[in-house]
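Okay, so here's the structure we're looking at.
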Amino acid sequence: MDWLQLFFLHPVSLYQGAAFPFALLFNYLCIMDSFSTHARYLFLLVVGGALAVAAMGSFAVLVFIPALCTVVLIHSLGPQDVHRLTFLFQMSWQTLCHLGLHYTEYYLQEAPSTRFCVTLSSLMLLTQRVTSLSLDIREGKVAAAAAGGGIRNRSSLSERLWGALPYFSYLLFFPALLGGPLCSFQRFQARVQGPSSLYPRHSFWALTRRGLQILGLECLKVVVRRAVSAGAGLTDCRQLQCVYVTWSTAGLFKLTYYSHWLLDDSLLYAAGFGSEFGQSPGEEGYIPDADIWTLETTHRIALFTRKWNQSTARWLRRLVFQQGRTWPLLQTFVFSAWWHGLHPGQVFGFLCWAVMVEADYLIHTFAKVFIRSGPMRVLYRTLTWAHTQLILAYIMLAVEVRSLSSLWLLWNSYNSVFPTVYCILLFVLAKRKHKFN
């Protein structure tokens with residue numbers, strides 16, 4: 001499975017690990033009174049630029065250009081216009097880059113450059129920061145004078161550059177360049193302008209705990225990977241064996257995501273952006289991406305959706321769901337497929353996910369009414385937990401394999417039974433709900 005090997009040999013973790021000394025150094029320098037605010041912004045920006053060049057090579061320019069254009073737009077437009085135009089520009093740029101990946105994979109039939117894949121991942125994270133900042137400006141969370149008109153009124157070029165520095169630094173700061181939960185501009189600015197929020201003893205044990213969790217996940221991943229590699233794949237599995245193949249492969253994907261998320265969270269924490277110490281009143285709370293216990297024990301697809309990659313889920317809710325007037329759930333998943341690159345498996349996977357969430361709401365609403373006894377509730381939770389895990393494994397494999405050929409194998413396997421059951425229940429219960437109403 002070439003796509004499986006490409007996923008697990010991704011070098012982002014290596015570069016994130018190499019950035020740890022700089023994160024700790026930044027935190028140490030923040031304790032020193034001589035390390036000014038401008039010096040902090042510059043440190044984050046310069047290390048971010050160096051990390052981008054090291055990880056992406058010449059493709060780093062594809063990240064630098066939209067960051068520069070975003071800052072120009074922010075300082076050229078009013079607060080009511082900035083979000084719409086920056087959103088259109090950023091998503092258009094990201095889509096063009098994704099089309100380049102489509103051209104390489106589907107037309108040229110060649111394996112994409114690893115550095116280009118890292119660049120696309122960084123671009124997706126940049127889109128989160130760009131749109132989060134533009135929404136903050138539109139909603140008045142970031143002062144309009146500082147974001148829109150303050151810089152234009154300055155006559156000195158040096159003053160304009162210093163005024164733009166916080167935005168450049170935010171868009172390219174190294175702890176969030178290649179991964180990590182979305183950090184709002186308010187939190188970023190409060191962290192840079194404030195004192196160090198980590199205490200050596202507390203930070204040592206917190207980072208050690210995260211390191212042990214990552215080590216445990218990596219050991220478990222080795223065991224699961226051996227089991228997956230030793231067994232059949234989707235191309236040669238038979239009947240119910242395909243269900244086990246899908247479930248175990250999706251489990252390997254989840255372990256990889258959990259490990260990456262914990263590493264990204266540790267890097268942000270080491271730099272001081274992930275801790276709750278020194279959080280100012282009204283500042284947006286920090287939410288790590290990985291809530292492993294909830295993700296592995298929930299029997300609700302809707303809850304899994306809210307907890308999977310939590311900062312991204314919250315960003316999608318704010319950017320799309322809360323803005324949508326008709327079919328906001330469908331709009332959110334369609335945009336998510338667009339943001340991920342619109343590969344065939346991603347389009348199918350996210351649309352299927354949207355239908356499953358809608359079905360999940362109806363199924364559990366009716367279950368609360370008709371299932372009342374304790375033993376029946378236990379049986380119901382057990383069965384829905386197993387069904388939820390199998391449906392999510394199906395969706396995850398569809399999204400990750402991406403290509404039509406692999407998607408066709410998934411469609412024709414026994415795995416399709418599980419989402420089909422939910423689709424039938426959605427149709428039946430929707431009619432009953434309409435009748436009751």
Side-chain angles (χ1 to χ4, degrees), residues 23 26 30 37-38 40-45 47-49 63-64 66-87 89-91 122-151 160-194 197 264-265 267-269 271-276 278-289 310-312 314-319 322:
F26 173 77
C30 286
T37 300
H38 283 158
R40 297 178 186 187
Y41 282 127
L42 281 173
F43 183 90
L44 293 169
L45 177 60
V47 176
V63 176
F64 295 153
L68 173 63
C69 293
T70 296
V71 174
V72 172
L73 288 173
I74 286 174
H75 293 110
S76 303
L77 300 170
Q80 297 305 314
D81 300 321
V82 66
H83 173 65
R84 178 172 55 88
L85 291 178
T86 52
F87 172 82
F89 172 80
Q90 181 65 28
M91 285 305 299
S122 182
L123 264 178
M124 293 169 66
L125 296 171
L126 178 63
T127 299
Q128 287 189 339
R129 294 192 295 277
V130 167
T131 52
S132 175
L133 175 57
S134 62
L135 278 172
D136 285 343
I137 294 172
R138 190 180 71 177
E139 295 170 3
K141 295 180 180 179
V142 174
I151 304 299
R160 295 187 182 188
L161 292 176
W162 284 123
L165 179 61
Y167 304 101
F168 274 122
S169 185
Y170 171 67
L171 296 176
L172 297 174
F173 79 113
F174 73 92
L177 184 70
L178 301 179
L182 174 62
C183 175
S184 69
F185 182 75
Q186 299 157 279
R187 168 176 287 274
F188 170 80
Q189 199 170 34
R191 171 67 187 92
V192 174
Q193 295 177 355
S197 59
D264 297 339
D265 177 63
L267 181 60
L268 274 172
Y269 187 91
F273 292 96
S275 69
E276 295 300 330
Q279 182 172 319
S280 60
E283 185 185 339
E284 189 177 22
Y286 174 81
I287 297 181
D289 282 331
Q310 288 188 86
S311 65
T312 297
R314 184 173 61 178
W315 168 70
L316 287 169
R317 182 178 182 85
R318 181 189 182 197
L319 180 68
Q322 293 178 347

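From a predicted model like this one, the values you see are computed outputs, not experimental measurements.
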### Query
Which atom pair, heavy atoms only, marks the closest approach of Ala67 to Leu171?
O-CD1, 3.6 Å
### Query
Going through the distances and angles, do Gln189 and Tyr167 end up as a side-chain contact (heavy atoms from CB on, under 4.5 Å)?
CA-CA 9 Å; Gln189 199 170 34; Tyr167 304 101; 5.7 Å; no
### Task
Report yes if the side chains of Tyr41 and Thr37 come closer than 4.5 Å at any heavy-atom pair, otherwise no.
yes
### Chi angles and distances behind the side-chain contact (heavy atoms from CB on, under 4.5 Å) call for Phe87, Leu135
CA-CA 10 Å; Phe87 172 82; Leu135 278 172; over 6 Å; no
### Query
Do the side chains of Phe188 and Leu133 get nearer than 4.5 Å, heavy atoms only?
no
### Message
Could you tell me if the side chain of Leu268 sits less than 4.5 Å from the side chain of Phe173, heavy atoms only?
### Response
yes
### Task
Measure the spacing between CG of Leu45 and CG of Leu177 and express it to the nearest 0.5 Å.
10.5 Å
### Task
Tell me, please, which residues at least two apart from Phe168 pass ring-ring contact (aromatic ring centres under 6.0 Å, His included).
none
### Query
CZ of Arg318 to OG of Ser132: how many Å apart, nearest 0.5 Å?
5.0 Å
### Message
I need the minimum non-hydrogen distance between Arg40 and Arg191, along with the two atoms involved.
### Response
NH1-O, 4.3 Å
Can you give me every donor-acceptor pair (side chain of residues 77-84, partner residue at least two apart or in another chain, under 3.5 Å) with its distance?
| residue | atom | partner | partner atom | Å |
| --- | --- | --- | --- | --- |
| His83 | ND1 | Ser134 | OG | 2.8 |

### Message
Using every non-hydrogen atom in the two residues, find where Arg129 and Ala176 come nearest and quote the distance to one decimal.
### Response
NH1-O, 2.9 Å
## Note on the structure
Note: Leu178 and Ser122 closest approach over all heavy atoms is CD2-CB, 4.4 Å
### Query
By side chain to side chain contact (heavy atoms under 4.5 Å, CB included), which residues pair with Gln128, not counting sequence neighbours?
Leu125, Leu182, Thr312, Trp315, Trp339
### Query
Are the side chain of Ser169 and the backbone N or O of Leu165 linked by a donor-acceptor pair below 3.5 Å?
no
### Contacts of Ser311 that satisfy side-chain hydrogen bond (donor to acceptor under 3.5 Å, both in side chains) - sequence neighbours left out
Asp289
### Query
If you measure from CD on Gln193 to NE2 on His38, what distance do you get to the nearest 0.5 Å?
9.0 Å
### Task
Measure the shortest side-chain to side-chain distance between Gln90 and Thr131 over non-hydrogen atoms and say whether it is less than 4.5 angstrom.
no
### Message
I want to check something: taking the side chain as every heavy atom from C-beta on, are Leu126 and Pro66 in contact at a cut-off of under 4.5 Å?
### Response
yes
#### Entry: Short side-chain to backbone donor-acceptor contact, Thr86 and Thr70, under 3.5 Å
no
### Query
Under the side chain to side chain contact (heavy atoms under 4.5 Å, CB included) test, which residues partner Val47, sequence neighbours left out?
Phe22, Phe43, Phe174
### Task
Report the relative orientation of the aromatic rings in Tyr170 and Phe185; use parallel for angles under 30°, tilted for 30 to 60°, perpendicular for over 60°.
perpendicular
